Structures are given as C-alpha cells and as structure tokens.
Amino acid sequence: MTNTATPPRDHDASEALAERICRADAEGTPLRIVGGDTKAFYGRAVEGRELSTREHRGITYYDPVELIVSVRTGTPLAELEATLAENGQMLGCEPPHFGDGATVGGMVATGLSGPRRPWAGSVRDFVLGVRVINHEGREQRFGGQVMKNVAGYDLSRLMVGALGSLGLLTEVTMKVLPRPGATRSLHLDMPLSLALEKLAEWGRQPLPITAAAWLDGALHLRLEGGPSSVAATAERLGGDELRDDFWTALREQRLAFFSKEDPRPLWRLALPHHTPVIDLPGVAGDALLYDWAGTQRWLRSELDDKTIREACTRAGGHATCHGPHIGTGGTAEPFTPLAPVVAKYHRNLKAELDPKGIFNPGRLYAEL
C-alpha cells in the first residue's frame, strides 16, 4: 500500500471540534480531552466538559517505502498497527494500549513507550509533525514529513507527553520501522546483581537485544533481527525459551506484578543507564521489576513519596506514581515536582498557548 497523496480531510469532525473549543475558550469552560480513555489513570484527574476525538479518525497518508504514516488522533491504535503489520512494518516505540479503545492521540499525549524503547527510541523520537487545534479554534501544523524541519521552532515534539494541556491534537505524522525478520525470547535464571552486570557487558557488544527485563529472580531477553544473528546469539547466551507474548503482557501491565489486587501504590522509576540498585528501606526483591535493561524500574511500595523521589533524584532520575495516587503510601501529585526555573517555563508556555487554561487543566500539575 503506497499512498502518495493526502485524501480529503475530515472537515465535519475537525470543524465540530474547533467550534466546541472556540465556545469553551469564550466561556472559560475547562475541557477534558478524551480518546479511548484507557490512560485516564495517568496523571491528575481533570474536571471539565468532555471533548471526544473518537469520531476524528482514519489514516490520511501512508508511504511504506518512505516509512511514513499520517493518522488522525481518534484512530484506534490497534487499527493503525494492523495496517502497518499488513505491510511488514510497526511502530518502533512499541506503545502500550491499556485497553481495546486506545487511540493514536492517547499514545502521543502520554508519550508512553514499550520494552523496545531503549533500543529503538521513544514516541517523541518517531514524531515528525502534528496538527493541533489551538484555543482560538484554528488548526495549526507543526513539523512535516521529514526527519529534519527548519521552518521555525518545531512544537510537534513538545506535544508528546503534554497530556493534552497545550492544545487538541488532531493528526500526527510518524516514522515507522520494518518488522524484524526473526524474534526469539529467553529466560535466564540469575540474581539481580549479575543481571545488571551482564546487561552492562552485553550493551557494549553488537547483540540483537531489543528488550531486557528482570523479574522474580530471572532475566528475560528478546532478540530480534536476521534469523542467523538471532539464532547464534540465543545459542551463545543460553537459558530457556520464553514465550514472545511475555513482552505484550509486560507492556500492557498484565503480569502478576501489576495486579490491581495489590493495594501497594505502583511507582515508575526512570533512571540513568547502568544505575546500580537503589537502596530503599523495606523493599524486597518481589516488589521490583526492572525493564529497559534497568533504566525503567517498577516498584510496589507503601513508602512515602518523599523517600522514593529523593532516592531517585540522588541517582539522577525521577519517580512517577501510577496509582493509587491518594491513599496509604500514595501521593496526590503523580509526577515529580518541577524545579522552580522549569516550572516557570511550563507556566509561561501554558499561558502562551492556552491563556484561559481550557485544555486538560491540572492534568500534569495543579497550576497547569
């Protein structure tokens, strides 16, 4: 499938969205932007009138030869991935869905990436351009369909992870990747200290590793690439065969570690490469899951947020609470508080792009 011309835009849906935004801005009415609503747990709760993007859907441009796709943000993520798979391609950032209704807009707004992220890149790395409806109801385009765009400051990547707080995303253009020729997953029993040592060693070698996680006393690896390279590496590393769907379960938080029956808050620790084990009082091995070769660590703990965040800050990282946000050991602020200078820039940007604060107010921080 090669599409070299952009089909007519969905004027009815986009104009309806623009009209509602204009009205909300004139009235000063907060809007809660909703796609599939599968990631509502991420960030702070928003009080506002619901603005749904679900009717604004469809792939508007796809060139498999150039590895570029443009898609409206209300498009189901599964629909986009199925189209790419038909052409032997995929989203390199391996974004989580967290539900059947996940949309492309939610993927970009949250900026969450899956197990392949350290080896292929994040959502932000693959975004080439976006279309955004601003607070005046005007649709603006940032970026383009090439990796480098010098036509002014590129705001497209700024929208990634902004949780809809700067405007309404209506379309995104992304780079995609070919699917690997072969995939094989391994399970190697080893303690955490040895796993981190091995990952540091293998990271200096040209091995076809595209996912690495440590859980329950074992290192889990995914190898992808040419059949001969994958086979040779698997024979060298040893271990037992691991079902490939382990990585989907990890990405979608379906493993037992993420059970909603566990009352302890779930924390995501983002840390620099090769960070050693962080000393947190009272945290046992079964309360930790290491992903991204150790740069993303999941923690189940009733420790207070200050203790967890200070430990991460000392290591050069930060901590995000995925829930429950309020309760024993939880926090009312899921994201690490911003440094004063950084907070100032955030407030200035919000005031410039959304002066009346109608777009997802408070989703990131109370003052934004």
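Remember, it's a predicted structure, so these values are computed and weren't measured experimentally. All residue numbers refer to positions in the sequence shown, counting from 1. Computed over heavy atoms, backbone and side chain alike; hydrogens, waters and symmetry mates excluded.
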Engineer: State, yes or no, whether a side-chain contact exists between Thr173 and Tyr61 at a heavy-atom distance under 4.5 Å.
Structural biologist: no
Engineer: Please round to the nearest 0.5 Å and tell me the distance separating atom CE of Met107 and atom CZ of Phe126.
Structural biologist: 10.5 Å
Engineer: Listed by chain and number, what are the salt bridge (Lys or Arg N to Asp or Glu O under 4.0 Å) partners of Arg49, not counting sequence neighbours?
Structural biologist: Glu27
Engineer: Return the minimal non-hydrogen interatomic distance between Leu31 and Ile21, and the atom names on each side.
Structural biologist: CD1-CG1, 4.1 Å
Engineer: Are the aromatic ring centres of Phe98 and Phe41 under 6.0 angstrom apart?
Structural biologist: yes
Engineer: Let me confirm one number: the CD-CG distance from Glu333 to Leu338, rounded to the nearest 0.5 Å.
Structural biologist: 10.0 Å
Engineer: Can you tell me how far apart CD1 (Ile68) and OH (Tyr62) are? Round to the nearest 0.5 Å.
Structural biologist: 11.0 Å
Engineer: Under 3.5 Å, side chain of Arg204 to main-chain N/O of Ala200, donor-acceptor pair present?
Structural biologist: yes
Engineer: Same cluster or not: Val46 versus Leu368, using hydrophobic residues (I, L, V, M, F, W, Y) connected whenever any side-chain heavy atoms lie under 4.5 Å apart?
Structural biologist: no
Engineer: Could you walk me through whether Asp245 and Arg243 satisfy the salt bridge (charged side-chain N to carboxylate O under 4.0 Å, His left out) test, starting with their C-alpha distance in whole Å, then the side-chain angles of each, then the deciding distance to 0.1 Å, before giving a yes or no?
Structural biologist: CA-CA 5 Å; Asp245 59 7; Arg243 288 171 57 100; 2.5 Å; yes
Engineer: Hydrophobic clustering (ILVMFWY, side-chain heavy atoms < 4.5 Å, transitive) - are Leu271 and Tyr290 grouped together?
Structural biologist: yes
Engineer: Hey, mind stepping through Leu250 and Phe257 against side chain to side chain contact (heavy atoms under 4.5 Å, CB included) and telling me if it holds?
Structural biologist: CA-CA 9 Å; Leu250 171 60; Phe257 179 88; over 6 Å; no
Engineer: Could you list who else is in Val341's hydrophobic cluster, with ILVMFWY side chains joined at under 4.5 Å, directly or through other members?
Structural biologist: Tyr345
Engineer: Quick one: do Arg32 and Glu50 satisfy salt bridge (charged side-chain N to carboxylate O under 4.0 Å, His left out)? Show the steps, please.
Structural biologist: CA-CA 5 Å; Arg32 185 174 77 89; Glu50 182 176 302; 3.2 Å; yes
Engineer: What verdict does the salt bridge (charged side-chain N to carboxylate O under 4.0 Å, His left out) test give for Glu66 and Lys175, after you've listed the backbone C-alpha separation in whole Å, the side-chain angles of each residue and the deciding distance to 0.1 Å?
Structural biologist: CA-CA 8 Å; Glu66 294 297 327; Lys175 193 81 173 174; 5.5 Å; no
Engineer: More than 12 heavy atoms of other residues, nucleotides or ligands under 6.0 Å from CG of Asp216: yes or no?
Structural biologist: no
Engineer: Please tell me whether Asp262 and Ser259 have a donor and an acceptor in their side chains that are separated by less than 3.5 angstrom.
Structural biologist: no
Engineer: Is it true that the side chains of Thr210 and Arg222 contain a donor and an acceptor less than 3.5 Å apart?
Structural biologist: yes
Engineer: Nearest heavy-atom pair of Lys39 and Gly106: which atoms, and what distance?
Structural biologist: CD-O, 4.1 Å
Engineer: Is it true that Leu223 and Leu188 fall in one hydrophobic cluster, defined by side-chain heavy atoms closer than 4.5 Å?
Structural biologist: yes
Engineer: When you group the ILVMFWY residues by side-chain heavy-atom contacts below 4.5 Å and let the links chain together, are Val69 and Val108 in the same group?
Structural biologist: yes
Engineer: For Glu139 and Thr170, does a side-chain donor sit closer than 3.5 Å to a side-chain acceptor?
Structural biologist: yes
Engineer: Crowded around Glu201 CD? As in, over 12 foreign heavy atoms under 6.0 Å?
Structural biologist: yes
Engineer: When hydrophobic residues are tied together by side-chain contacts of less than 4.5 Å, even through go-betweens, does Met159 share a cluster with Leu91?
Structural biologist: yes
Engineer: Ignoring hydrogens and angles, tell me if any N or O in the side chain of Trp214 forms a donor-acceptor pair with the backbone of Leu288 under 3.5 Å.
Structural biologist: no
Engineer: If you look at every heavy atom in Val230 and Ala182, which pair is closest and at what distance?
Structural biologist: CG2-O, 3.9 Å
Engineer: State the CD1-NZ distance between Ile308 and Lys306, to the nearest 0.5 angstrom.
Structural biologist: 13.5 Å
Engineer: Say whether, by atom type as modelled, one donor and one acceptor occur between the side chain of Thr73 and the main chain of Val104 under 3.5 angstrom.
Structural biologist: no
Engineer: Between Arg72 and Thr60, is any pair of side-chain heavy atoms under 4.5 Å apart?
Structural biologist: yes
Engineer: Could you check if a side-chain atom of Phe335 sits within less than 4.5 angstrom of a side-chain atom of Arg44, using non-hydrogen atoms only?
Structural biologist: no
Engineer: Could you check if a side-chain atom of Leu80 sits within less than 4.5 angstrom of a side-chain atom of Ile59, using non-hydrogen atoms only?
Structural biologist: yes
Engineer: Hey, is CD on Glu235 packed in by over 12 heavy atoms from elsewhere, all under 6.0 Å?
Structural biologist: no
Engineer: Please test Leu155 against Val132 for side chain to side chain contact (heavy atoms under 4.5 Å, CB included), starting from the C-alpha separation and ending with a verdict.
Structural biologist: CA-CA 10 Å; Leu155 290 177; Val132 181; over 6 Å; no
Engineer: From Ser165 OG over to Asp354 CG, what is the distance, rounded to the nearest 0.5 angstrom?
Structural biologist: 8.0 Å
Engineer: Considering only heavy atoms from C-beta outward, does the side chain of Trp247 approach that of His220 to under 4.5 Å?
Structural biologist: yes
Engineer: Give a yes or no answer on whether the side chain of Ser156 reaches the backbone of Val130 with a donor-acceptor pair at less than 3.5 Å.
Structural biologist: no
Engineer: Quick one: does Thr233's side chain have a donor or acceptor within less than 3.5 Å of a partner on Leu207's backbone?
Structural biologist: no
Engineer: Is there side-chain contact between Leu199 and Leu219, with heavy atoms separated by less than 4.5 Å?
Structural biologist: yes
Engineer: Are any non-hydrogen side-chain atoms of Glu94 and Arg251 less than 4.5 angstrom apart?
Structural biologist: yes
Engineer: Can you name the closest pair of heavy atoms from Leu77 and Pro95 and give their distance?
Structural biologist: CD2-CG, 4.0 Å
Engineer: Can you confirm whether Arg309 sits close enough to Trp267 that some side-chain heavy atom of one is under 4.5 Å from a side-chain heavy atom of the other?
Structural biologist: yes
Engineer: Going through the checks in order, is the side chain to side chain contact (heavy atoms under 4.5 Å, CB included) test met by Arg117 and Gln296?
Structural biologist: CA-CA 10 Å; Arg117 186 256 184 268; Gln296 175 173 261; over 6 Å; no
Engineer: Between Trp292 and Gly114, is there a donor-acceptor pair closer than 3.5 Å when you use the side chain of the first and the backbone of the second?
Structural biologist: yes
Engineer: Okay, side chain of Asn360, backbone of Leu163: is any donor-acceptor separation there less than 3.5 Å?
Structural biologist: yes
Engineer: Flag yes if more than 12 heavy atoms outside Asp100 fall under 6.0 Å of its CG atom; otherwise flag no.
Structural biologist: no
Engineer: Determine whether a donor-acceptor pair (N or O, by modelled atom type, separation under 3.5 Å) exists between the side chain of Asn87 and the backbone of Gln89.
Structural biologist: no
Engineer: With a 3.5 Å distance limit and no angle check, can you tell me whether Ser229 reaches the backbone of Gly226 through a side-chain donor-acceptor pair?
Structural biologist: no
Engineer: Around atom NZ of Lys198, are there more than 12 heavy atoms of other residues, nucleotides or ligands at under 6.0 Å?
Structural biologist: no
Engineer: So which atom in Ala13 and which in Glu55 form the shortest heavy-atom distance, rounded to 0.1 Å?
Structural biologist: CB-O, 4.1 Å
Engineer: Just verifying a value: how many Å separate Met90 CE and Leu67 CG, rounded to the nearest 0.5 Å?
Structural biologist: 10.5 Å
Engineer: For Met174 and Val172, work out which heavy atoms get closest and say how close.
Structural biologist: CG-CG2, 3.8 Å
Engineer: Which residues satisfy the salt bridge (Lys or Arg N to Asp or Glu O under 4.0 Å) test with Asp25, sequence neighbours excluded?
Structural biologist: none
Engineer: Checking side chain to side chain contact (heavy atoms under 4.5 Å, CB included) for the pair Leu221/Trp202: CA distance, chi angles, key distance, verdict?
Structural biologist: CA-CA 11 Å; Leu221 295 176; Trp202 296 335; 3.5 Å; yes
